[in-house]
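First the proteins, then the strands, lettered A, B, ... as listed; each starts at 1.
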Amino acid sequence: MVNTEEQTTVIQALNAAMADAMEQDDSIFLLGEDIADPEEGGVAGVTAGLSTRFGDSRVRSTPISEQAIVGAGIGAALNGMRPVLEIMMMNFATVAMDMIVNHAAKLRFMSGGQTQVPLTIRMATGAGLSTAGQHADYLEAWFAHTAGLKVVTYSNPADAYGLLQSCIFDNDPCIFIENFLSYSVKGGAPEKGSRVPLGKAKVVREGSDLTIVCYGAQVSIALSVAEKFAAEGVSVEVVDLRTISPWDQETVFTSVAKTGRLVVSHEALKAFGVGAEIAAVVQQELWSSLKAPVRRAGAPTCPVPYSRPLELAFMTSVEDLETEARLLLK
Amino acid sequence: MVNTEEQTTVIQALNAAMADAMEQDDSIFLLGEDIADPEEGGVAGVTAGLSTRFGDSRVRSTPISEQAIVGAGIGAALNGMRPVLEIMMMNFATVAMDMIVNHAAKLRFMSGGQTQVPLTIRMATGAGLSTAGQHADYLEAWFAHTAGLKVVTYSNPADAYGLLQSCIFDNDPCIFIENFLSYSVKGGAPEKGSRVPLGKAKVVREGSDLTIVCYGAQVSIALSVAEKFAAEGVSVEVVDLRTISPWDQETVFTSVAKTGRLVVSHEALKAFGVGAEIAAVVQQELWSSLKAPVRRAGAPTCPVPYSRPLELAFMTSVEDLETEARLLLK
Amino acid sequence: MDNQQGPTNEVLLELYKKCALAKINDENARRVIMNGTLPMIYYSPRGQEVIPAAMSVNLRDDDTICTIYRGMHDMVCKGVPVDALWAEYAGKATGTCKGKGGPMHITHPESGCMLTTGIVGSSLPIANGLALSYQLRNLDNVSVAYFGDAASNIGAFHEALNMASIWKLPVVFVCQNNRYGEHTTFAKATSVNKVSDRAASYGMPGIHVDGNDAIAMYNAAKEAIDHARSGKGPVLIEAMTFRFYGHVFGDQDGYMDQAEKKRAMENDPVPKLRDLVISRGIASDAELTEMEAAIDSEIKQAIEAALSAPWPDVDELGKDVVASAV
Amino acid sequence: MDNQQGPTNEVLLELYKKCALAKINDENARRVIMNGTLPMIYYSPRGQEVIPAAMSVNLRDDDTICTIYRGMHDMVCKGVPVDALWAEYAGKATGTCKGKGGPMHITHPESGCMLTTGIVGSSLPIANGLALSYQLRNLDNVSVAYFGDAASNIGAFHEALNMASIWKLPVVFVCQNNRYGEHTTFAKATSVNKVSDRAASYGMPGIHVDGNDAIAMYNAAKEAIDHARSGKGPVLIEAMTFRFYGHVFGDQDGYMDQAEKKRAMENDPVPKLRDLVISRGIASDAELTEMEAAIDSEIKQAIEAALSAPWPDVDELGKDVVASAV
Ligand SMILES: Cc1ncc(C[n+]2csc(CCOP(=O)(O)OP(=O)(O)O)c2C)c(N)n1
Ligand SMILES: Cc1ncc(C[n+]2csc(CCOP(=O)(O)OP(=O)(O)O)c2C)c(N)n1
Ligand SMILES: [Mg+2]
Ligand SMILES: [Mg+2]
């Protein structure tokens, strides 16, 4: 039942993904600050209604104790539960990195496969809301550099649903990245129970002259850039990674082998970001197919600024991506 | 007074760098677990003798409270002190990432330059001692991906001294990475008060056919590889970055422009590591000078294993680096 | 408690003036948000003014504070000038932080406001560091950490109090217990009835006080600050209060106990203190009205100036990231 | 305390047997390290055996523990088999963790050893999670977190105890207070005289007990475990003890008070318990000697087997990182 009227929002899709999963499997439960209905179902309301429906025990508002939240998720996961945690904002994960990186990510390996941590950690971020330096960082590159974690994000409601479902039912710890500005994005309704496979990118627009690899909120920006170029007769292919780590090399390679040109684009700092890995791998593996060096669009090396004109300049925009693309086509 | 007899160890150099700095400037003080002499001057003894010499107040053993340690350093730095903190092992920084990343790194920017955090955080790591999954991670890529931090490491005693001195007297937060296995490495004695400038790499061996960019313990590995190739008539240039972020693009570009071939090598996971950024930048900027794609050597995507053969296979070895280099020369 | 004499008339008037400044500043903030002149994410401290006012009249200019996103009252009571504050709210080049920090990161070292953090619990370890610098330099300044009730459940609180205690740091930890952390009640998240009882875990004095009672809060502040300043070590104050406008201004406060909220607003501490000032004959209603009007007009001017001030240049993105390019 | 009856003779013998197992295992570990047969970084728990022995005789097989790098005694008392343990120490494919985890990360779900962590404080939040899973599934299992005295100063301790208390999780927090955290004395790092006093900060019972006194420790363990199992929520036990061989085996214990250490070693809890078992007529010296010899020979066989067991294949690096390639 794909809703062609594009009426479902990301927030509805995320909520439904959790509700449908909980209905199906009672080892799933949710922890996070303010996530239960007496606390209004989360600061952004992503979990609204779930505690009413599934009970206060399975949907628990927690103290402000991110280490304890992630620890509780890990311990329960070790015993076969499938916890879904909300860390309100990605920056707050910095107080829980030991739990995520030294424990959740490593316990399968360190135990020689005896235990596993089927845990999903949802965390939202995103510049554009003037929340400034401590509320809008993009840390996906940290998680991607950590063996044992899967790092996932979406660009539309159906993917948000299907990817979150896949994370919840996956047997490894998944970092599920949400974007505040994306919550109201509308799209076709996901089918109940549908899962988008982890590790599979999607070609969201086909093209032959240049590939843009991106994820999350950058996908719509890339599509705008592609439109612009189309008007000039340049055909741009847009690949939505969906899983940032492990990323889908096959789909990316196929695209770049065809187009010979690649820009990787993300909202995170360009320097030492996810784009660097993709650029490094692609230039190595597709050296002879490339018509030009891989280029990257991303944020400048500074904290997220408050002031509106600075914040806009900080964010990876259509213009930024366009500039990089044009340099490739020169 | 360069000691040509190569009798100074890294541990002595680090100790002297702190002692000489404290002698010179009484705003410098040290915090860390077990660092004072009643506690034997640090688990590895890097700070041995300093509390006896400078007093228990300026060299303080702390509780096991990394957030409080870094917070204390930040607050004192805001008031004009130059704290030097020891986080015993890099993995333990994961409990203090909020302090390091949301605060130390950002306060200059977020205050519009009104405050600064002239803080040095020393942290040691390194596979090879069978400490396994939670004691030997390499997180330099995380710090490098954080605006506002400088990330520094050394490959010999004189650099260890000069870089640590530079970090201590620098007006920004510096992450100073030590390697346990390096502590006994010997070399020429540093000159008292000498500083190695931050952001400047060093060509430690000149060559014309291929460049290896590396840092820390990889430098001696790269030099071994260079020796091996020299015997075959292949001339390898080795660049020791010394400052990982911001890295010295000028020196790297000059080298690669000359050799046309680059391998970047580090002990950290290859995937999403520091080498990715260097590869991404070099292939873009030196596209037309490159005779082959940039290649990387680094650890496989898994936690640091315990078992000796696994640990050896995990570590980036002469063979690993050699393999990458040979692929470039094909 | 040792000093139960309460403030002199002069100090009480000063204390009221600080409350009025914070209250009027907040009213203006809510006004410009509501009317769309200056939309921003704003955490109103309305109802909590007495706490930092009482602390600040006991602090010296060169004492320092570390506060949080809800710390506008802490800032203005300590002396952060409203013109630079408003320019920062507006994201302008003339703001305290050149527009780079914004409301959640106001810094103004001149008035002793060393840190505003958006991370729960993080004001405490950093306040320790400021206190440590005083101790190392043999200065008798005091460092203050402001934070909320819910912050008392995060790890940084625990580590900071333990360290401050063993090192006898001159720091005062001021928990402004407004009964909620975001949308969660204090009771639901906290395993102890009084945050101040946790002081026993750190061998430090814990003071539980009605933070809306100016005299009691003054005495608590004085006692704690004197204690810290005299080298006896840190103190934990739990000041009971209430926030009138929810977590973030504009939130649907459906999660709040409406009767509790009504009661709290009826017991607004600022008019109560105003009445006290008048009833003690310290100032007349007319004098206070005039003072308030002056404050209001200063703030309105600050807002006007902020609105017409220049934006920061885009090249500011590359500045203040590090001291200088290496 | 409610149950002061102490263990039955049968249980006391079992308790002693566990102590002997941990002690003899430790002696063998130190032996093979010293003689170079199996060098490893080893954190000896010698002197602390009574604590997990007393806990374990009160735990069910399907109860779980989370322990730390110094947790060999916790593990063997809970039932981790010595052959798999030694193979892991040796880094062999037959080890509990196929050689991937090593001594600091021993895991053996079958015996309820769910986690060994090398990070100070991190056993507590994860033990909460195991307890939470029991609560959510309406099971009456109990989760135990073992940790050291110095760990009581880290943030994770605070967050874990608060959360366990408000949710009444079936978890017992067992602080093995051996007076040192690495080289730093308890007193130098800790702002309170008794870790158990911190229980008051979390509204949970705190038990201070001589962890080297088998009867007292048995009673404390029973009380705490019964409390948790019956749904009354968590308990914090502070068990006073001492580690005989420094932080990491082989360290120069110059940082230790040698008189204190001498006293502690003279009061070795294991021979004391052995005497008690004999004096109560539960077993004769000869019987115990035989039992100990059997344990020792089992361990020596385990060591031999470990030494000759195969190394893991190098391709194990790519396995168990994730469930399966996606
Ligand atoms: C580490 C962290 N976790 C979560 C948040 C989100 N958050 C912001 S304010 C807040 C509530 C804090 O409550 P309290 O400490 O009582 O202070 P109040 O807002 O009531 O003044 C939360 C959860 C955060 N900023 N930092
Ligand atoms: C977060 C963190 N910081 C520091 C360390 C280094 N370290 C390992 S053990 C230890 C001492 C812990 O002492 P205690 O908790 O008393 O346990 P004990 O070793 O005495 O059994 C320290 C500081 C660590 N493992 N983790
Ligand atoms: Mg509050
Ligand atoms: Mg100890």
Pull every donor-acceptor pair under 3.5 angstrom between chain C and chain D and give the atom names with distances.
unit_1: C:S152; atom_1: O; unit_2: D:H158; atom_2: NE2; d: 2.7
unit_1: C:N153; atom_1: OD1; unit_2: D:N162; atom_2: ND2; d: 3.3
unit_1: C:G155; atom_1: N; unit_2: D:E159; atom_2: OE2; d: 2.7
unit_1: C:H158; atom_1: NE2; unit_2: D:S152; atom_2: O; d: 2.7
unit_1: C:E159; atom_1: OE2; unit_2: D:G155; atom_2: N; d: 2.8
unit_1: C:N162; atom_1: OD1; unit_2: D:S191; atom_2: N; d: 2.9
unit_1: C:N162; atom_1: OD1; unit_2: D:S191; atom_2: OG; d: 2.7
unit_1: C:N162; atom_1: OD1; unit_2: D:R198; atom_2: NH2; d: 3.0
unit_1: C:N162; atom_1: ND2; unit_2: D:N153; atom_2: OD1; d: 3.3
unit_1: C:N162; atom_1: ND2; unit_2: D:A189; atom_2: O; d: 2.9
unit_1: C:A189; atom_1: O; unit_2: D:N162; atom_2: ND2; d: 2.9
unit_1: C:S191; atom_1: N; unit_2: D:N162; atom_2: OD1; d: 2.9
unit_1: C:S191; atom_1: O; unit_2: D:G203; atom_2: N; d: 3.3
unit_1: C:S191; atom_1: OG; unit_2: D:N162; atom_2: OD1; d: 2.6
unit_1: C:R198; atom_1: NE; unit_2: D:S201; atom_2: O; d: 3.0
unit_1: C:R198; atom_1: NH2; unit_2: D:N162; atom_2: OD1; d: 3.0
unit_1: C:R198; atom_1: NH2; unit_2: D:S201; atom_2: O; d: 3.2
unit_1: C:S201; atom_1: O; unit_2: D:R198; atom_2: NE; d: 3.0
unit_1: C:S201; atom_1: O; unit_2: D:R198; atom_2: NH2; d: 3.2
unit_1: C:S201; atom_1: OG; unit_2: D:S201; atom_2: OG; d: 2.9
unit_1: C:G203; atom_1: N; unit_2: D:S191; atom_2: O; d: 3.3

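In this view, D:A151 and D:V120, D:F147 satisfy the side-chain contact (heavy atoms from CB on, under 4.5 Å) rule, not counting sequence neighbours. Evaluation of the side-chain contact (heavy atoms from CB on, under 4.5 Å) rule for C:A200 yields no partner, not counting sequence neighbours.
Interface summary for chain D: among C:A189, C:A187, C:A199, the most heavy-atom pairs under 4.5 angstrom belong to C:A189.
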